[in-house]
Amino acid sequence: MSYVAKTAKYATLVLACLVTLLPISVIVMASLKTNQEFFTTGPFDAPGNWFNLENYVTAFTRGKMVQGFANTAFILLFSVAGTILIGTMAAYAIDRFEFRLKKTVIALFLLATLVPGVTTQVATFQIVNNLGLYNTRWAAIALFMGTDIVSIYIFVQFLRGIPKELDEAATLDGANHLTIYRRIILPLLKPAIATVVIIKGIAVYNEFYTPFLYMPGRDLGVISTSLFRFKGPFGGQWEVIAAGVIIVLIPTLLAFLALQKYIYNGFTSGATK
Amino acid sequence: MSNVVRAEAAGTRIEAGQLPATARKPRGGWGWRGTPYVFLAVPLVLLVVFTYLPVVNMFWYSLTSWDGLDKTKEFVGLDNYVAVFTRPELFRVFYVSLYYFAASFVQMALALYFATILSFSTRFRNLFKGILFFPYLINGVAIALIFVFFFKPDGTLDSILALFGAENLQQQWLGNPDINNISLASTSVWRYMGLNFVLFLGAIQSIPGQLYEAAELDGASRFQQFRYIIAPSIKPIIGLSFILAISGSLAVFEIPFIMTGGANGTATFVIQTVDMAFESLKVGLGSAMAVILLVIVLVVTWVQRKVVPEEKVNLT
């Protein structure tokens, strides 16, 4: 490549990284400033004390972030476990059995991928309400479990690569379908389960709309809604909001650094459903 | 893309001989026809309750003037639909989604550019890839707050302009109705570009390296390599991104809702629907809007599947 082209290439890359990192960096700096410091300095001025964690303490205690993490963890645990159970069961039935309504069932799942969740909330809300789930964490859990067709797809794709002879041999040895599902299919699906855990986990952690709509209770805040509620009481305290943003961001960053390869693979296999 | 998963599956070798020791005599026979339905019961119930029932109900609500609380729902025919199409303030949200639709082209162009240059050997390749992708993983509320700070008076953007002595360009980035939708759409580009980028990069990297070598031997330039090798092989994923761009730009919610609350002409379809159904208690009208949105998305998807030939979107 010519010298000019090479320079242009790296220049654009560096510029893109600046555009990505600059908005976040100024938030990091703002989160370390005192209130007075925040008002007297510009966004690019470094904080006086790089170890001033006071805003983080305020965000955690008065901003109910601990509760937010606890609620998010609860929802995450149940909805991810449920998604895996439901997804693997559906995939097992679809990939390993021939039955009369198979085509209909597949069509039902496929058609549902075309219905964007946000469009039907008006009516979903009434159902959740009638089921008595409104303003409980189970509302979010039920919704996260009930509409995840992408994971069923990922499981079906993966299951196809697992030879059917395994099931048949197990049958000859006297295993029933539940045993085959539990002892053969589930363990072999581990890599696909890891993929689903990652993309589902990130999606649930980041979800705002569902908890905002279905769990308005003060003590039912998840990460997203707790942070959203910072806007009111801390409206004039940007340094505290900034700390809240960074608190939410750190788990994502750690997960990304630890699981990079799996995250890339997960999103490429999930997005092309 | 899912061949990533499939490839791994192929790599998992299990000898048919090593079966669980617990497997014993045949119980519930292989032949019972109800078995698949047992496994499908829970998934199907959830699917019907949380996807199909809402769709059906929504059609019904859209024909009533229900407020969401009343025991009875008064049938009003197509009145709600007429209202959506004749009241300009309701129809305006379609116009707002055009900003996001236009932005998604910028987003795809940027993603394609970075995916192409990073598919050739580059120093710090993984670092660049990671930084460009990371915003996609960030919590939407956090992103919205980061960009409220970015656009606020004397915020990051104004300070950058001051740094270059362009104070005269400073303005109400989120308040001025002429540009606030552009500010919001740019935030959306910042957030979602990484996903397009990683998808494109994955597609480009699945092209066998020999093709480039052969092309280079034939004296093809970088641009020709792009035009004749890269472009054709990422066509399906571009088609997919295009469809996601349309439904995505109609379903925009978080960024404008958190950053401006839909004020000053930034309300999107979803903001207005939520507002209508849950704040103004006009469930009937809100449902009609949601039905219209759903129909548009379905039509667009159908057109895309007609235009871009199907590849591997099948569950069987």
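The most heavy-atom pairs under 4.5 Å with chain A, out of G140(B), A277(B), A290(B), S159(B), come from S159(B). Between chain A and the options N57(B), L137(B), V198(B), V148(B), heavy-atom pairs under 4.5 Å are most frequent for L137(B). Per-residue heavy-atom pair counts under 4.5 Å with chain A were compared for F114(B), F134(B), Y61(B), Y113(B), and the maximum is reached by F134(B). With chain A as partner, the option from F124(B), W60(B), F278(B), Y136(B) having the largest number of non-hydrogen pairs under 4.5 angstrom is F278(B). Among T273(B), L145(B), V283(B), D154(B), the residue with the largest count of heavy-atom pairs under 4.5 Å with chain A is L145(B). Of the residues considered (I241(A), L178(A), I223(A), L101(A)), L101(A) shows the highest number of contacts with chain B, using heavy-atom pairs under 4.5 Å. When each of F257(B), F147(B), F269(B), F150(B) is checked for heavy-atom pairs under 4.5 Å with chain A, F257(B) comes out on top.
Cation-pi geometry between K9(A) and F120(B) is not met: the NZ or CZ atom fails to fall both under 6.0 Å from the ring centre and inside 45° of the normal.
A donor-acceptor contact shorter than 3.5 Å is absent between the side chain of S62(B) and the backbone of S287(B). A donor-acceptor distance shorter than 3.5 angstrom exists from the side chain of T268(B) to the backbone of V252(B), with no hydrogens or angles considered. Of the possible donor and acceptor atoms, one in the side chain of Y52(B) sits under 3.5 Å from a partner among the backbone N and O of L108(A).
Using a 4.5 Å cut-off between heavy atoms, I263(A) contacts chain B through its side chain alone, with no backbone atom that close. With a 4.5 Å cut-off on non-hydrogen atoms, A142(A) touches chain B through its backbone and its side chain both. Heavy atoms of F230(A) lying under 4.5 Å from chain B are absent altogether. At a 4.5 Å heavy-atom cutoff, the contact between L21(A) and chain B is made by side-chain atoms alone. With a threshold of 4.5 angstrom between heavy atoms, K231(A) approaches chain B through side-chain atoms but not through N, CA, C or O. If you measure heavy-atom distances from L13(A) to chain B, the contacts under 4.5 Å come from both the backbone and the side chain. The contact between L253(A) and chain B is made by backbone and side chain atoms together, counting heavy-atom distances below 4.5 Å. Residue T225(A): no heavy atom, backbone or side chain, is found under 4.5 Å from chain B. Proximity to chain B is limited to the side chain of I202(A), based on heavy atoms less than 4.5 angstrom apart. There is no contact between A194(A) and chain B, counting heavy-atom distances below 4.5 Å. Using a 4.5 Å cut-off between heavy atoms, V19(A) contacts chain B through both its backbone and its side chain. Both the backbone and the side chain of I160(B) come within contact range of chain A, each with at least one heavy atom under 4.5 Å from a heavy atom of that chain.
To the nearest 0.5 angstrom, I237(B) atom CD1 is 11.5 Å from L201(B) atom CG. Taking CD1 of I131(B) as the reference point, atom CG of L18(A) lies at 9.5 Å (rounded to 0.5 Å). Residue I199(A) holds its CD1 atom at 3.5 Å from CD1 of I154(A), rounded to the nearest 0.5 Å.
The aromatic rings of F208(A) and F212(A) sit parallel, their planes meeting at an angle under 30°, below the 60° perpendicular limit.
Side-chain polar atoms of Y181(A) and T88(A) form a donor-acceptor pair below 3.5 angstrom.
Aromatic pair H177(A)/F97(A): ring centres closer than 6.0 Å.
Salt bridge E98(A)/K102(A): present, at least one basic N to carboxylate O contact under 4.0 Å.
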